[in-house]
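Report on one structure; see the data block that follows.
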Amino acid sequence: MNRRDFLRATAVGAGMGFVRQLSSVAAAQKNWDARIEVLLNEPLGVISPDIYGHFVENLSGVIYDGIWVGEDSRIPHVNGIRQELVTEMKKIRPPVVRFPGGCFADSYDWRDGVGPIDKRPRRTNFWFSGENPQAPPSHRYDPNRFGTNEFVEFCRLIGAEPYLAANLRSLPAEQFYRWVEYCNSPAGATTLADERAATGFKEPFNVRFWGVGNESWGCGGDFTAQEYAVEFRRFTTWVPDYRHELAFIASGPDGDNLEWTRGFFEEIARKGSRQVDRIYGWALHHYAWNLSRGKTKDWVAGKGDAIKFDPVDWYELLREGDRLESMITTHWRLMEAADPGHHVKLVVDEWGPWYRPGSELTAGDQLEQLPTLRDAVFSGMTLDIFNRHPEKVGMGCCAQLINCLNSLYLAHEDQFCVTPVGHVFAMYAAHQGGQSLRTNFSAPTISYERDGSSAWFWGLHGSASLQGKTVVLTAVNPDVAKALETQIILQGGGAKSARATVLTAPDMHARNTFAARQEVVPKSENVPAAEGNLRFQFPAASVTKIEIQL
Ligand code: AHR
């Protein structure tokens, strides 16, 4: 079974770089295991804050229980939105949040989620069939209490921009225009602006980011790339913009599906080279799910366990995630034929590991999994990939924020915890808006045995950025057993002082739960600077940020 079949089955009834790895010769000099060279005079481009974005889908416990606890709840909330989530999210400076899906988006009628809250209809959720029969009714039948207004309010509370995903499969283009009109038409200008005002939102939301369909190669309509390109053109021609820029994001490939990218851009460009100018982003989705060590490509059989794993599973997951870097560069090169000036950016709006069910903290929550230290290392690695390609990646959205796959937070009723992934986002927020710097990492390759044959993974990797006089260096040491004594050299400048924040734990399976919220938390320490350079020991299985003052 593949993901497309899985999603279809769930919906209809079944249950739902390339690495710049230098030789280790330089690092092998006496006393050093590894070496990092930050090239202060080799800027790569500004890191878009939007690559630190999030994704929330109306799926099981993500919205109802995770974000929305209700206006009458005894759980602390702001107009129905979970207070603790808001407080935690403010710490990570979330730039953008995508909603309402995912596959859910192409079954969603935005009109169901506006108007007086008590009069909104209940609808069968796209994910209905995969829900446990004991799941709360709100997970199976969407009560629509969390709609456009509530989502925009959530974004305002946490200081993020909304990114709405429009339904291309089951609503006409006219409804897309109406949703834009509801959100963005000036106060008093249209009937929909009046409807918005009547529920307390007089001023326009000015939503800029609009996804036009989701996974249109699968749950979003099973289109061919050419068919989808035609639909995309139709949906995005003459959308009223109310003098506010609209950024359309087209439904891009599943991982390394180059045919989808080639087919879409060829068809778009057939109508003239300027057609690409209408596209802001090309959405690339990549989930790391196949831990079968090459034995199967079956979507269900190939999955691994979220919390029970050995070191080989650890490295295999990282290898699967690390493929994202070559996907970014190959899709980017392919897009060049139709878009030589690279107007269109890559929007990696779904990424993360995807394990088999069984680890969920709240029994029955569909697709919920319990992130461990492995997922923190995976997430640091992914954010470093984005940082290294600032000219290519315009946005990233981790799938998904709460009670789902690679979640930053888990919540159920009045219980809440920040996962190791959440801590990584807090650490990496310092890169937002920084100038990405070329940085060379040199460390011994990790060799391991993969079912009788030898396999390898890189030894240390990361990214660096500069803002004013501060360099932010982040790196992951994926070795489950070996710390790396590392020399950090700043080419073109010198360090006056430095402070490291490290996320690690003695056990690679370590995780936070409602009962034990502090098992994996970052710790900070000063790093001595000598002659402008640094020496630091990156612990085994760790994510590290070093903030360096020049
Ligand atoms: O994140 C869960 C699902 O994965 C999304 O709904 C879909 O877009 C993807 O296949």
Side-chain angles (χ1 to χ4, degrees), residues 1-12 14-16 53-63 66-67 97-108 124-131 139 142 163-170 211-223 228 249-257 260 281-290 299-300 302-303 306 320-321 324 327 347-357 360 365-369 371 375 378-379 382 395-410 421:
M1 186 186 262
N2 59 26
R3 179 146 60 104
R4 179 196 297 222
D5 295 339
F6 163 76
L7 292 166
R8 186 188 290 122
T10 301
V12 298
M16 194 207 189
H54 306 282
F55 169 36
V56 298
E57 178 163 10
N58 194 342
L59 191 186
S60 213
V62 176
I63 302 294
I67 299 175
V97 187
R98 176 176 182 243
F99 168 80
C103 293
F104 176 88
D106 279 293
S107 297
Y108 180 61
T124 307
N125 190 301
F126 168 89
W127 295 95
F128 162 89
S129 308
E131 284 297 336
H139 294 188
D142 178 8
Y163 163 14
L164 289 170
N167 180 342
L168 177 127
R169 190 194 72 225
S170 57
V212 184
N214 168 74
E215 298 195 348
S216 301
W217 39 264
C219 64
D222 262 333
F223 292 105
Y228 171 65
I249 295 162
S251 170
D254 182 15
D256 50 14
N257 183 350
W260 183 261
W282 182 233
L284 162 64
H285 290 181
H286 176 51
Y287 288 102
W289 61 273
N290 194 335
W299 173 251
V300 174
K303 295 252 180 55
E320 282 298 301
L324 179 59
M327 290 174 195
V347 167
V348 188
D349 57 10
E350 290 189 28
W351 65 265
W354 192 328
Y355 305 106
R356 67 169 85 101
E360 49 279 6
D365 265 10
Q366 192 179 177
L367 300 198
E368 182 179 308
Q369 54 196 35
D375 302 300
F378 181 102
S379 301
T382 304
M395 190 194 287
C397 301
C398 180
Q400 300 190 15
L401 182 74
I402 185 164
N403 293 350
C404 199
L405 298 169
N406 197 41
S407 294
L408 286 77
Y409 312 104
L410 296 171
V421 177

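Hydrogens, waters and symmetry mates play no part in the numbers below; they use all other heavy atoms, side chains included. None of the values given here were measured: they were computed from a predicted structure. Just follow the structure's listing: the first ligand is 1, and inside any ligand the first atom is 1.
Results of the side-chain hydrogen bond (donor to acceptor under 3.5 Å, both in side chains) test with Ser60 over Glu131, Glu368, Gln366 single out Glu131 as the only residue that passes.
Contacts with ligand 1 closer than 4.0 Å are made by side-chain heavy atoms of Trp354 only, the backbone lying farther away.
A search for side chain to side chain contact (heavy atoms under 4.5 Å, CB included) contacts involving Ser107 returns Phe126, Arg169, not counting sequence neighbours. By the salt bridge (charged side-chain N to carboxylate O under 4.0 Å, His left out) test, Glu360 is found to be paired with no residue, residues two or more places apart in sequence or in another chain being considered.
Numbered from 1 in the order shown, with element, the atoms of ligand 1 that lie under 4.0 Å from a heavy atom of Phe55 read 1 (O). Atom numbering of ligand 1 starts at 1 in the shown order; those under 4.0 Å from a heavy atom of Glu215 are 7 (C), 8 (O), 9 (C), 10 (O). Residue Gln400 approaches ligand 1 through these ligand atoms, each under 4.0 Å from one of its heavy atoms: 1 (O), 2 (C). Close contacts of ligand 1 with Asn214, meaning ligand atoms under 4.0 Å from a residue heavy atom, involve 8 (O).
Of the N or O atoms in His285, none lie within a sub-3.5 Å distance of an N or O in ligand 1. Geometrically, ligand 1 and Cys103 share a nitrogen or oxygen pair separated by less than 3.5 Å.
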Q: Run the numbers on Tyr108 and Asp142 for side-chain hydrogen bond (donor to acceptor under 3.5 Å, both in side chains), then give the verdict.
A: CA-CA 10 Å; Tyr108 180 61; Asp142 178 8; 5.9 Å; no
Are His285 and Glu215 close enough, and set up right, to give a side-chain hydrogen bond (donor to acceptor under 3.5 Å, both in side chains), and what steps lead you there? CA-CA 8 Å; His285 290 181; Glu215 298 195 348; 2.6 Å; yes
*asked:* Go through it in stages, so that I can follow the logic: the residues are Arg98 and Met395, the test is side-chain contact (heavy atoms from CB on, under 4.5 Å), and I'd like the CA-CA distance, side-chain angles, deciding distance and then a yes or no.
replied: CA-CA 11 Å; Arg98 176 176 182 243; Met395 190 194 287; over 6 Å; no
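Residue contacts with ligand 1 include Trp127, since one or more of its heavy atoms lies under 4.0 Å from the ligand. The shell of residues lying under 4.0 angstrom from ligand 1, judged by heavy atoms, excludes Phe104.
Not one N or O on the side chain of Gln369 forms a donor-acceptor pair closer than 3.5 Å with the backbone of Ala306.
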